[in-house]
Structures are given as structure tokens and as C-alpha cells.
A.B. asks: 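The structure that follows is given in the form of C-alpha cells.
Letters A, B, ... are given to chains in the order of the sequence lines, protein chains preceding strands, and every chain is numbered from 1. Treat the numbers as computed from the prediction; the structure is a model and nothing was measured.
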Amino acid sequence: MRIIYQTEEGLAVVVPTGELDINEVARKDVPAGVNYWIVEDNEVPSDRTFRDAWELNPTDLGTPDGQGIGADAWFAEQEVADENPS
Amino acid sequence: MSVNINADTTNGLVLTSDTSGELKLQSAGADIATVNSSGITMASGKTLPASALTGALPAIDGSALTNLSSYTDSDALTLFNASGSAPVYACRAWVKFKGTGAVTINGSGNVSSVTDNGTGQFTANFSTAMPDTNYSVATVTSTDGSTDRGATSLIDDRTYTTSAIRILVWYGSGLGDQVNNCIQIFR
């Protein structure tokens, strides 16, 4: 699975390593306030000839799977969770 | 023999006594634990469940404990097969990924993901943040061996934070995707 989101530079594709749950990766590694979509690997082109021209089409993708909170906020969440274990 | 405290299923509490100095806790006549001058021993097959060991441990005077191992800087050097006395600083995060075709993670440690930002532009995102941004980055890249043109990778300081590091992969005269890309973080 991949996480995709739009930036001013173009389309960003996040490839999780598997160390964290993909939903947590998306929340952490997508910038704060930016919509993201989780897609199958084969939905991202493997031909990178025109990589810098890739764009995200929200109409085709439908409702976003979520919105990033950014790494700083995510790490702050983890610190709170570590200090207050359930 | 021993002093027995038995929770009997017919008669309830059953006590037997002698002068052995040993005490046995029993359930339905079966030994559960034995207390004697050596300490406490659980009977065969009986254990203290981890769920029973909740709460905080009491403060312990370490000076009274024996059979504890302690480690020195020298032991750490030995552990890392390092000769001499120069200290060892461990890698805090690393990742190897394929940057051509479908970008693929080959291996990683303390890296949650790699963001493909475009041709020759990648970001390694840390699973656990670095203590500050004074860490050192080693990044290398290579072609697939089908060409003898050199490739190199550089730090892109647009993202050099406690949570991520971005690199540029250079090939020939511009940015280019390469097969093998490695990033290591030392602090």
C-alpha cells in the first residue's frame, strides 16, 4: 500500500517500511492539514519517465482517507500516550 | 515433612505441623509453593502469573544484590568488535530502498517510510525522532551496474529535521533515479 498526497512540487508518494501501522504513517508523514489517500501499490505508475509531471486527481480518488497531522504533532501525541498508559 | 497449609476441597483449611522448618502451601493436597530457609520455590508446573505481578516494585538497595552483571565502556567496544579505545556511536536510523520503477524498501531501522517527492528526490521519515538536528547523515547511491556513469546523493537541507531527512540523487548532470539508495543517521 502507498500513501499519496499533493504538494506544491507535485505528487508525493509515501512508501511505508512496515515499522508502523500504515494509518499512523499517513497521519505522521503527511504534512499537517494535507489530505491523503491510501492506494494499492499497482495504482502508482512504475514508469517514472515523466515522474515530475504526476498529479493527483481528487475526483477519481474520491473522499480522502484522512488528513495528515505532521510529524511534530504525531510525536507529541506519542509522548502524551507514553506518559499516560491506559 | 513440613508444615502444611492445605486448602482442602472437603474439609476446608487443613493444617499439619512439624519441626522441619519448611512450610508448604497446598491446594487440594497438592503442593503449590514451598518456603524454607533457602527461600520460596514454586512446585513443578506452578508459576506466578505475570498478571499477578502488577504495581510498582519496591525500592531495592542494590548493594545487597549479588550475581548482577555490570558493563563498562570497554565491554561496549568488545560488543562491537572495536579495537582501540575510541568510543562507538551507533547508527540511529537507516534505510536502503530502490528508487527506480516502483519504489521499494529493501531494509530499514527506525524509518517509518520513504517519501518519493519526484525524480531523484526522497525523504526518509524517522519512526522515532532524533534528539536534535545535529545528527550526521551518510547517504550513498549507485546505479544498477549497467552503466559506468557515477551517481551520488546529497543532503537536501529543505528537510533536515528531527523527524526526517531529504536527499537528492544526482546522476550525470541532473537529478536521476537510481537503483540502490542508502541513508544512515549517526548521533
Side-chain angles (χ1 to χ4, degrees), chain A residues 1-32 34 36 38-56 68-82 85-86, chain B residues 54-56 92-133 144 156 158-169 171 174-179 181-183 185:
Chain A
M1 305 290 280
R2 309 290 166 106
I3 302 155
I4 58 176
Y5 63 93
Q6 190 69 41
T7 73
E8 291 181 356
E9 300 172 80
L11 178 67
V13 181
V14 179
V15 185
T17 61
E19 290 186 20
L20 300 176
D21 178 88
I22 191 169
N23 294 298
E24 294 303 309
V25 173
R27 294 179 67 237
K28 179 173 84 70
D29 296 339
V30 174
V34 174
Y36 64 79
I38 297 175
V39 301
E40 297 291 338
D41 292 355
N42 60 14
E43 291 184 67
V44 177
S46 57
D47 182 350
R48 298 174 61 83
T49 307
F50 300 104
R51 170 62 184 88
D52 294 336
W54 291 1
E55 287 187 354
L56 185 149
I69 64 171
D72 289 346
W74 191 87
F75 285 127
E77 275 188 3
Q78 301 306 303
E79 278 189 27
V80 171
D82 289 345
S86 55
Chain B
T54 59
R92 307 297 291 270
W94 65 274
V95 63
K96 179 190 175 193
F97 62 94
K98 180 172 79 73
T100 55
V103 175
T104 306
I105 309 293
N106 301 119
S108 70
N110 193 30
V111 171
S112 60
S113 69
V114 170
T115 303
D116 162 18
N117 302 293
T119 301
Q121 301 183 72
F122 300 93
T123 302
N125 301 294
F126 306 137
S127 297
T128 301
M130 294 299 137
D132 55 39
T133 57
D144 62 3
D156 181 346
R158 283 177 292 178
T159 303
Y160 195 151
T161 70
T162 56
S163 56
I165 183 72
R166 180 165 167 160
I167 65 165
L168 301 173
V169 181
Y171 178 71
L175 294 170
D177 297 322
Q178 298 302 326
V179 175
N181 303 273
C182 305
I183 303 172
I185 306 299

A.B. asks: Among B/Ser163, B/Ser108, B/Ala102, which residue forms the greatest number of heavy-atom pairs with chain A at distances under 4.5 Å?
C.D. replies: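 Heavy-atom pair counts peak at B/Ser108.
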A.B. asks: Do you know which two heavy atoms are closest between B/Phe126 and A/Phe75, and how far apart they sit?
C.D. replies: O-CZ, 3.4 Å
A.B. asks: If you tally heavy-atom pairs under 4.5 Å against chain A, which of B/Asn106, B/Asn110, B/Thr100 wins?
C.D. replies: B/Asn110
A.B. asks: Relative to chain A, which segment of B/Phe97 carries a heavy atom at a distance below 4.5 Å: side chain, backbone, both, or neither?
C.D. replies: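 B/Phe97 has no heavy atom closer than 4.5 Å to chain A.
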A.B. asks: Sort out for me which of A/Gly10, A/Ala12, A/Ala71, A/Pro16 touches chain B most, counting heavy-atom pairs under 4.5 Å.
C.D. replies: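 Among the listed options, the one with the most contacts to chain B is A/Pro16.
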A.B. asks: Measure the spacing between CZ of A/Arg51 and CG of B/Asn117 and express it to the nearest 0.5 Å.
C.D. replies: 7.5 Å
A.B. asks: Contact part of A/Leu11 toward chain B, heavy-atom cut-off under 4.5 Å: side chain, backbone, both or neither?
C.D. replies: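 Only the backbone of A/Leu11 comes within 4.5 Å of chain B.
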A.B. asks: With only heavy atoms counted, which part of A/Val44 is less than 4.5 Å from chain B, the side chain, the backbone, both or neither?
C.D. replies: neither
A.B. asks: Okay, side chain of A/Thr17, backbone of B/Ser112: is any donor-acceptor separation there less than 3.5 Å?
C.D. replies: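 Yes, A/Thr17 side chain to B/Ser112 backbone: donor-acceptor pair under 3.5 Å.
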A.B. asks: Closest approach of B/Asn125 and A/Lys28, non-hydrogen atoms and distance?
C.D. replies: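 Taking every non-hydrogen atom into account, CB-NZ, 4.0 Å.
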A.B. asks: Counting heavy-atom pairs closer than 4.5 Å to chain B, which one of A/Asp41, A/Asp47, A/Ile22, A/Asp29 comes out on top?
C.D. replies: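 The option with the most such pairs is A/Asp29.
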A.B. asks: Could A/Arg48 and B/Asp116 be called an ion pair, given the rule that one side-chain N must be under 4.0 Å from one carboxylate O?
C.D. replies: yes
A.B. asks: Of the listed residues (B/Leu175, B/Thr161, B/Thr128), which shares the most heavy-atom pairs with chain A below a 4.5 Å separation?
C.D. replies: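 Heavy-atom pair counts peak at B/Thr128.
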A.B. asks: Do you know the tightest heavy-atom contact between A/Glu19 and B/Ser127?
C.D. replies: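 Looking at all heavy atoms of both residues, the closest pair is OE1-OG, 2.7 Å.
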A.B. asks: I'd like to know which of A/Val14, A/Asn42, A/Val30, A/Val13 tops the heavy-atom pair count under 4.5 Å against chain B.
C.D. replies: A/Val13
A.B. asks: Checking A/Tyr5 against chain B: side chain, backbone, both or neither under 4.5 Å from a heavy atom?
C.D. replies: side chain
A.B. asks: Return the minimal non-hydrogen interatomic distance between B/Thr119 and A/Asp52, and the atom names on each side.
C.D. replies: N-OD1, 2.8 Å
A.B. asks: So does A/Glu8 pair up with B/Arg158, basic N to acidic O under 4.0 Å?
C.D. replies: no
